[in-house]
Amino acid sequence: MTNALTSKLPNVTTTIFTVMSQLAAEHGAINLSQGFPDFSAPAELMDLVAEHMRAGRNQYAPMTGVPLLRQRIAEKTTALYKAAIDADAEVTVTSGATEALFAAITAVVRAGDEVMIFDPAYDSYVPAIELSGGIPLRLKLRAPDYCIDWNEVAARISDRTRLIIINSPHNPTGATLEAHDLEHLAGIIRDRNVFVLADEVYEHIVFDGRSHQSVLRHPELRERSFVISSFGKTYHVTGWKVGYCVAPRALSAEF
């Protein structure tokens, strides 16, 4: 007898990244379908990694990441966003940002919980929500500016809403959140038991004289947020799969 397998995610097919990358290769087209750079990592970084590999630092790291790396992440966060971070209790290094997104979603979402996302959205959000028993609540970002309509957010949020996922700079539109957007978000969820997942993997790819408005800049939001970053995006080494999450002590423990 052949065992039958019922998929947990029957609506998930081949990722659009794979489809579009194959089409670009077939037609010799410029590939704008996936967030990986086509220029080299810094030579200094490559040399430093080789140095540590030769020194024998190739075995399992602690579950939350190498302590010195977590300390440097905390220092970077404080320098950029004026947020005092406890490197031992509030920083977790992950196997890429997508693992961090999955862990954050599964940490707080329970069966029947609603998770608000903004379309178009990174295609890993919804599968993680559904595997956790959650219900995606999809709000549409509209051209040409792809800004979040906070009046719609206020109208659609409910006691069933457990998590709001925001992404800035936004993949794929490039739209960025401003300080007033964080104020709107904080006001809407202030008296609700709602968490925030801030996907900030493109935090250092900001143009036109703008500055990245990290959730970590906002003390009220920081206390209920998972903030996800990626070394792969920053240093052009997406294949290395190194990301991290900054979150308050209690959220980090569950993460």
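Because the structure is predicted, anything quoted here is derived from the model rather than measured.
For the pairing with Glu114, the salt bridge (charged side-chain N to carboxylate O under 4.0 Å, His left out) check across Arg162, Arg138, Arg160 returns one residue only, Arg160.
Take Glu130 and apply the side-chain hydrogen bond (donor to acceptor under 3.5 Å, both in side chains) test, not counting sequence neighbours, and it matches no residue. With sequence neighbours excluded, the residues forming a ring-ring contact (aromatic ring centres under 6.0 Å, His included) with Tyr125 are Tyr122, listed by chain and number. Taking the ring-ring contact (aromatic ring centres under 6.0 Å, His included) definition, one finds that His236 meets it with Phe39, sequence neighbours left out. Under the side-chain hydrogen bond (donor to acceptor under 3.5 Å, both in side chains) criterion, Asn167 pairs with no residue, sequence neighbours left out. Residues forming a side-chain hydrogen bond (donor to acceptor under 3.5 Å, both in side chains) with Thr64 (at least two apart in sequence, or on another chain): Arg70. Here Asn31 pairs with Ser21, Ser33 under the side-chain hydrogen bond (donor to acceptor under 3.5 Å, both in side chains) rule; sequence neighbours left out.
Applying the salt bridge (charged side-chain N to carboxylate O under 4.0 Å, His left out) test to every pair with at least one member in residues 213-229, sequence neighbours left out, gives these pairs: Glu90-Arg222, Arg190-Glu220. Screening residues 73-121 for ring pair (Phe, Tyr, Trp, His ring centres under 6.0 Å), with sequence neighbours left out, gives Tyr81-His212. Screening residues 39-53 for side chain to side chain donor-acceptor pair (under 3.5 Å) gives His52-Arg57 as the qualifying pairs, with residues at least two apart or on separate chains. For residues 148-159, the set of pairs meeting the salt bridge (charged side-chain N to carboxylate O under 4.0 Å, His left out) definition, not counting sequence neighbours, comprises Glu152-Arg156, Asp159-Arg192.
Residues Gln213 and His218 have side chains that never bring a donor and an acceptor to within less than 3.5 angstrom of each other. A donor-acceptor pair shorter than 3.5 Å cannot be found between the side chains of Glu200 and Ser229.
Tyr244 has its side chain out of reach of Thr92: every pair of non-hydrogen atoms, C-beta onward, lies at least 4.5 Å apart. Residues Thr176 and Phe207 form no side-chain contact, since every pair of their non-hydrogen atoms from C-beta on lies 4.5 Å or further apart. Looking at heavy atoms from C-beta onward, Val194 lies in side-chain contact with Ile157 at the 4.5 angstrom threshold.
Atom CD1 of Ile30 has 12 or fewer neighbouring heavy atoms from other residues, nucleotides or ligands inside a 6.0 Å radius. Around atom CG of Asp191, no more than 12 heavy atoms belonging to other residues, nucleotides or ligands sit under 6.0 Å away.
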Below 3.5 Å, can you tabulate the donor-acceptor pairs from side chains in residues 246-255 to any protein atom, sequence neighbours excluded?
residue, atom, partner, partner atom, Å
Arg249, NH2, Asp86, OD2, 3.2
Ser252, OG, Ala247, O, 2.8
Ser252, OG, Pro248, O, 3.3

Let me check something: any side-chain donor-acceptor pairs from residues 139-146 under 3.5 Å, sequence neighbours excluded? List them with distances.
residue, atom, partner, partner atom, Å
Asp145, OD1, Cys147, N, 3.3

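Salt-bridge annotation for Lys76 and Glu203: present, with a side-chain N of the basic residue lying under 4.0 Å from a carboxylate O of the acidic one.
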